[in-house]
Amino acid sequence: MQGREAQTAIPTPRETVPASRVTTTAPPRQTCAAFLPSAPCTEYVSIAGTADGIDLPWAASGGLTVQLNSVGGSLYVTAKTPCSPVSGPATITGDTLVVGKLGIGAMGCISDAGSQQQWFVDFLKRPIEMSFSQGTLKWNSGTETLVFKGK
């Protein structure tokens, strides 16, 4: 290496960031929310259901669980069907629940479990009138009804 001088790297000082510019992002906090002011904030399990006046035995045997949560100031309904989990953003005006675009778990279901989940998803796509009395949460949508009891 004749004719070349050895080069010395000059260290670059690290940038220091004032504490006022440091941001930390914590994950949004999820807390239980009440479907109605009179209803306890808890997970609910189905104890009855009807479609056009016909009983739904799978709903009566606890086939559905539902809960309302607040995440970052927004409401979300989370549910477990006989097939897979279902969730979506929710708004409540008075005693009417409206669920937005639904996310559905990626489990493949066949036969009755798949049709039960589809029935519930269709149920959630319409405005739901809610009432709470004697420990039961009742959802009505058209000619269909679901009844839940707190866990």
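Everything numeric here is computed off the predicted structure, so don't read it as measured data. Scope of the values below: all heavy atoms of this structure, side chains included, with no hydrogens, waters or symmetry mates.
- Using modelled atom types, one side-chain atom of S46 and one backbone atom of A59 make a donor-acceptor pair closer than 3.5 Å.
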Inset, instruction - For T78 and N69, run side chain to side chain contact (heavy atoms under 4.5 Å, CB included): C-alpha distance rounded to whole Å, both residues' side-chain angles, the deciding distance at 0.1 Å, then the answer. - result: CA-CA 8 Å; T78 56; N69 294 295; 3.4 Å; yes
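- The line from OG1 of T96 to CE of M130 is 7.0 Å long, rounded to the nearest 0.5 Å.
- From F148, atom CZ reaches atom CD of Q67 across 12.0 Å, with rounding to the nearest 0.5 Å.
- With hydrophobic clusters built from ILVMFWY side chains whose heavy atoms lie under 4.5 angstrom apart, I128 shares a cluster with L36.
- Under the 4.5 Å side-chain heavy-atom criterion for ILVMFWY residues, no single connected hydrophobic cluster contains both V147 and W119.
- Residue V99 comes nearest to L124 through the heavy atom pair CB-O, 3.7 Å, listed as atom of the first residue, atom of the second, then distance.
- In the hydrophobic clustering of this structure, L68 does not group with V45; members are Ile, Leu, Val, Met, Phe, Trp, Tyr whose side-chain heavy atoms approach within less than 4.5 Å, directly or through other members.
- Between F132 and P40 there is a side-chain heavy-atom pair separated by less than 4.5 Å.
- A distance-only check finds no donor-acceptor pair linking the side chain of Q116 to the backbone of T81 [under 3.5 Å].
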Legend entry - From CA spacing to verdict: side chain to side chain contact (heavy atoms under 4.5 Å, CB included), S131, D95: CA-CA 7 Å; S131 61; D95 60 358; over 6 Å; no
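- Between P82 and A113, the closest heavy-atom pair is O-CB, 3.9 Å.
- Atom-to-atom distance recorded for K101:NZ and K125:NZ is 10.0 Å, nearest 0.5 angstrom.
- Rounded to the nearest 0.5 angstrom, K80 NZ and T65 OG1 are separated by 7.5 Å.
- At a threshold of 4.5 Å between side-chain heavy atoms, the hydrophobic network of Ile, Leu, Val, Met, Phe, Trp and Tyr places I47 and V66 in two separate groups.
- Rounded to the nearest 0.5 Å, atoms CG (N140) and CZ (R126) are 11.0 Å apart.
- Of all the heavy atoms in F123 and S141, the pair that sits closest is CE1-CB, 3.7 Å.
- Residue A34 comes nearest to I92 through the heavy atom pair O-CD1, 4.3 Å, listed as atom of the first residue, atom of the second, then distance.
- Using cut-offs of 30° and 60° for the angle between ring planes, the W139 and F35 rings count as perpendicular.
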Inset, instruction - Given side chain to side chain contact (heavy atoms under 4.5 Å, CB included), test S87 with Y76 step by step and report yes or no. - result: CA-CA 7 Å; S87 64; Y76 291 87; 5.9 Å; no
Inset, instruction - Start with the C-alpha distance between S84 and Q117, add both sets of side-chain angles, then the distance that settles side chain to side chain contact (heavy atoms under 4.5 Å, CB included), and finish with yes or no. - result: CA-CA 8 Å; S84 62; Q117 176 172 292; 2.7 Å; yes
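- Here disulfide bond (SG atoms under 2.5 Å apart) pairs that include residues 38-79, with residues two or more places apart or in two chains, are C32-C41.
- When all heavy atoms of G150 and T42 are compared, the closest pair comes out as CA-CG2, 3.9 Å.
- Atom CG in L137 sits 13.0 Å away from atom NZ in K149 (nearest 0.5 Å).
- Placement of V98 and F120 in two distinct hydrophobic clusters is found when ILVMFWY residues are connected by side-chain heavy-atom separations under 4.5 Å, directly or transitively.
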